[in-house]
Visitor: 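Starting off with a structure, shown below.
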Amino acid sequence: MTALAIPEHLRVQLYAHAISAFPDEACGYLTGPRDGNAVDSLVACRNAQPDGEHPITPERGADTGFVIAGAELLAFARTFDSAAPARIVYHSHTNGRAYLSEVDRQMAIGSGYPVQHLVIGVAGGDVTVVAQFDFDLVEVARWKP
């Protein structure tokens, strides 16, 4: 599996969202044509972690966890019936590192959504590193902004 392409203008939006959410984790998703190899739209979501809506770790704070919930989760799920479904779920890590934690992996596998994953490392108000993972949670791209 190869990394879906993320145009520069969307990378700028991703970085801005991650920085503005700091010290909390940012989250959202990228959509694009079902049969394409790139995404073309970003949907920023509210991190509902502080509301205790995380199914595995409701006790975590928004600085160490994220969850898309409520109407935003429903809108996300509905994209799979459209011509431009969610293709990548993204979130940030506030420790400056880009990796899938054990909880991230459990949620990705348990959800069953056919998406890639993007983790944006943020520290000191800056994006430090970004990693992209395929459907099988194997890292397929890593870069520094």
Side-chain angles (χ1 to χ4, degrees), residues 1-51 53-57 60 62-101 103-145:
M1 177 64 63
T2 60
L4 291 168
I6 303 170
E8 184 62 27
H9 75 279
L10 291 181
R11 288 184 187 209
V12 169
Q13 290 177 37
L14 284 164
Y15 304 157
H17 185 206
I19 291 167
S20 70
F22 189 84
D24 292 343
E25 292 190 4
C27 59
Y29 56 95
L30 300 161
T31 64
R34 185 174 306 282
D35 297 325
N37 63 356
V39 293
D40 58 17
S41 182
L42 181 144
V43 179
C45 295
R46 181 183 72 83
N47 184 349
Q49 181 70 38
D51 301 336
E53 295 190 40
H54 198 286
I56 297 175
T57 58
R60 280 182 158 181
D63 60 330
T64 58
F66 84 97
V67 66
I68 299 170
E72 290 177 325
L73 181 58
L74 183 58
F76 167 79
R78 286 183 173 157
T79 69
F80 295 105
D81 292 328
S82 75
R87 305 290 308 277
I88 299 173
V89 170
Y90 74 87
H91 74 282
S92 60
H93 280 178
T94 59
N95 61 7
R97 298 180 2 211
Y99 62 96
L100 289 173
S101 70
V103 172
D104 294 339
R105 288 178 177 279
Q106 288 176 22
M107 289 298 296
I109 292 167
S111 73
Y113 291 119
V115 295
Q116 292 190 3
H117 295 269
L118 189 75
V119 183
I120 305 159
V122 180
D126 289 315
V127 173
T128 56
V129 64
V130 182
Q132 190 169 345
F133 303 85
D134 68 10
F135 306 112
D136 296 318
L137 307 182
V138 174
E139 187 174 309
V140 292
R142 178 173 287 267
W143 67 90
K144 291 186 179 190

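Note that this is a predicted model, so its numbers are computed, not measured.
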Visitor: Between F22 and T94, is any pair of side-chain heavy atoms under 4.5 Å apart?
Guide: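 Of all side-chain heavy-atom pairs linking T94 with F22, at least one is under 4.5 Å.
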Visitor: May I ask you to decide if T2's main-chain N or O and Q132's side chain share a donor-acceptor pair within less than 3.5 Å?
Guide: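 Here the side-chain-to-backbone pair does not exist.
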Visitor: Using the side-chain hydrogen bond (donor to acceptor under 3.5 Å, both in side chains) criterion, which residues pair with D104? Sequence neighbours excluded.
Guide: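 Listed in chain order: H91, H93, S101.
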Visitor: Starting at CD1 of I88, measure out to CD1 of I6 and round the result to the nearest 0.5 Å.
Guide: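 The distance works out to 4.0 Å.
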Visitor: Compare every heavy atom of R105 with every heavy atom of L100, then report the nearest pair and how far apart it is.
Guide: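 Scanning both residues completely, I find the closest heavy atoms to be O-NE, 3.6 Å.
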Visitor: In Å, rounded to the nearest 0.5 Å, how long is the span from CZ of F135 to CD of Q116?
Guide: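 F135 atom CZ to Q116 atom CD measures 5.0 Å (nearest 0.5 Å).
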Visitor: Tell me if a side-chain donor or acceptor on Q13 pairs with a main-chain N or O of L42 at a distance below 3.5 Å.
Guide: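 No; zero donor-acceptor contacts below 3.5 Å.
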Visitor: Report the residues that fulfil side chain to side chain contact (heavy atoms under 4.5 Å, CB included) with S20, sequence neighbours left out, ordered by chain and then residue number.
Guide: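 With sequence neighbours excluded, S20 shows a side chain to side chain contact (heavy atoms under 4.5 Å, CB included) to H17, given in chain and number order.
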Visitor: List the residues meeting ring pair (Phe, Tyr, Trp, His ring centres under 6.0 Å) with H117, not counting sequence neighbours, and say none if there are none.
Guide: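 If we apply the ring pair (Phe, Tyr, Trp, His ring centres under 6.0 Å) test to H117, skipping adjacent residues, there are no hits.
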Visitor: Verify, without hydrogens or angle tests, whether E139 (side chain) and A131 (backbone) share a donor-acceptor contact under 3.5 angstrom.
Guide: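 No: the side chain of E139 does not pair with the backbone of A131.
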Visitor: Closest heavy-atom contact between A18 and V122?
Guide: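 Answer, listing the atom of A18 first, then V122: CB-CG2, 3.7 Å.
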Visitor: Salt bridge (Lys or Arg N to Asp or Glu O under 4.0 Å): which pairs involve residues 5-33, sequence neighbours left out?
Guide: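 Counting only pairs at least two positions apart or across chains, no salt bridge (Lys or Arg N to Asp or Glu O under 4.0 Å) contact touches residues 5-33.
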Visitor: Which heavy-atom pair separates Y90 from A44 by the least distance, and what is that distance?
Guide: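 For Y90 and A44, the tightest heavy-atom pair comes out as OH-CA, 3.4 Å.
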Visitor: Calculate, to the nearest 0.5 Å, the distance between atoms OG1 and CD belonging to T64 and Q49 respectively.
Guide: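 Result: 6.5 Å between the selected atoms.
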Visitor: With the side chain counted from C-beta on, respond yes when T31 and D40 share a heavy-atom pair under 4.5 Å apart, and no when they do not.
Guide: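 Side chain of T31 against side chain of D40, heavy atoms only: contact under 4.5 Å found.
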Visitor: For atom CG of N37, decide whether the heavy atoms of other residues, nucleotides or ligands shown that lie under 6.0 angstrom number more than 12.
Guide: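 Atom CG in N37 is not crowded, with 12 or fewer foreign heavy atoms closer than 6.0 Å.
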Visitor: Would you say the side-chain atoms of N47 pair up with the backbone N or O of G65, donor to acceptor, closer than 3.5 Å?
Guide: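 Side chain of N47 to backbone of G65: a pair is present.
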Visitor: Measure the spacing between OH of Y29 and OG of S41 and express it to the nearest 0.5 Å.
Guide: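 Rounded to the nearest 0.5 Å, the OH-OG separation comes to 8.5 Å.
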Visitor: Restricting to side chain to side chain contact (heavy atoms under 4.5 Å, CB included), what partner residues turn up for V129, sequence neighbours left out?
Guide: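 For V129 the side chain to side chain contact (heavy atoms under 4.5 Å, CB included) partners, ignoring immediate neighbours, are A98, R142, K144.
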Visitor: To check you understand the geometry: which heavy-atom pair defines the closest contact between V130 and L118, and what is its length?
Guide: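 Looking at all heavy atoms of both residues, the shortest contact is CG1-CD1, 3.6 Å.
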Visitor: Side-chain polar contacts of residues 72-80 - donor-acceptor pairs under 3.5 angstrom, sequence neighbours left out - could you list them?
Guide:
residue: E72; atom: OE1; partner: R46; partner atom: N; Å: 2.9
residue: E72; atom: OE2; partner: R46; partner atom: N; Å: 3.2
residue: T79; atom: OG1; partner: F76; partner atom: O; Å: 2.7
residue: T79; atom: OG1; partner: A86; partner atom: N; Å: 2.9

Visitor: Looking only at heavy atoms, which two atoms of G96 and A123 are closest? And how far apart?
Guide: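 Closest pair (atom of G96, atom of A123, distance): CA-CB, 3.8 Å.
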Visitor: Return the minimal non-hydrogen interatomic distance between P85 and P33, and the atom names on each side.
Guide: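 In this case the closest contact between P85 and P33 is CD-C, 4.4 Å.
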